[in-house]
Amino acid sequence: MALTILADCINCDMCAPECPNNAISLKRLHNADGSPGNRIYQINAELCTECVGFYDKPTCVEVCPIDVVVKLPTT
Ligand code: SF4
Ligand code: SF4
């Protein structure tokens, strides 16, 4: 499904516990030299069902306080 978390995410942890499919998790990025970098929340597109069958709207979008979970435009 075409939902993603923008880089402005503040890692507040509001969304991940609400996801009925455990599709949201913290991933560690790596710096160019291979050292551990920032950790950011990401949505696993293979697990996300946009909450169909659980909620009327994507619940991660609903709970995010700064509106950084967005639908990717479909082409
Ligand atoms: S839309 Fe629903 S299933 Fe998809 S990541 Fe958000 S909370 Fe999880
Ligand atoms: S609720 Fe929004 S700001 Fe908080 S971790 Fe999730 S995507 Fe990031």
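Note that ligands are numbered from 1 as they come in the structure, with each ligand's atoms numbered from 1 the same way. The structure presented is a predicted model; accordingly, all values stated were derived computationally and were not measured. The basis for the numbers below is simple: all heavy atoms, side chains too, and nothing from hydrogens, waters or symmetry mates.
- Counting heavy atoms closer than 4.0 Å to ligand 1, residue Val69 contributes nothing at all.
- Every atom of ligand 1 is numbered from 1 in the order shown, and the set under 4.0 Å from a heavy atom of Ile24 is 5 (S).
- Nearest to atom 4 (Fe) of ligand 1 among the protein's heavy atoms is Cys48 SG, 2.3 Å.
- No heavy atom of Glu18 sits closer than 4.0 Å to any atom of ligand 1.
- In terms of protein heavy atoms, atom 2 (Fe) of ligand 2 is closest to Cys64 SG, 2.4 Å.
- For ligand 1, the atoms sitting less than 4.0 Å from at least one non-hydrogen atom of Thr49 are 3 (S), numbered in the order shown with element in parentheses.
- For the atom pair CZ of Arg39 and CZ of Arg28, the computed distance is 5.5 Å after rounding to the nearest 0.5 Å.
- For residue Cys60, no N/O/S atom approaches atom 6 (Fe) of ligand 2 to within less than 2.8 Å.
- Distance from atom 8 (Fe) of ligand 1 to its nearest protein heavy atom, with residue and atom name: Cys19 SG, 2.3 Å.
- When side chains are defined from C-beta on, Val69 does not count as touching Thr4, because their heavy atoms never get closer than 4.5 Å.
- The nearest non-hydrogen atom to atom 7 (S) of ligand 2, considering only Val61, Thr4, Ile5, comes from Ile5.
- Short contacts between ligand 1 and Pro58, defined as distances under 4.0 Å to a heavy atom of the residue, involve ligand atoms 1 (S).
- Among Thr59, Val63, Asn21, Asn22, the residue whose heavy atom lies nearest to atom 3 (S) of ligand 1 is Asn21.
- Salt-bridge annotation for Glu50 and Lys57: absent, with no side-chain N of the basic residue lying under 4.0 Å from a carboxylate O of the acidic one.
- The distance from ligand 2 to the heavy atoms of Cys12 drops below 4.0 Å at these ligand atoms: 1 (S), 3 (S), 4 (Fe), 5 (S).
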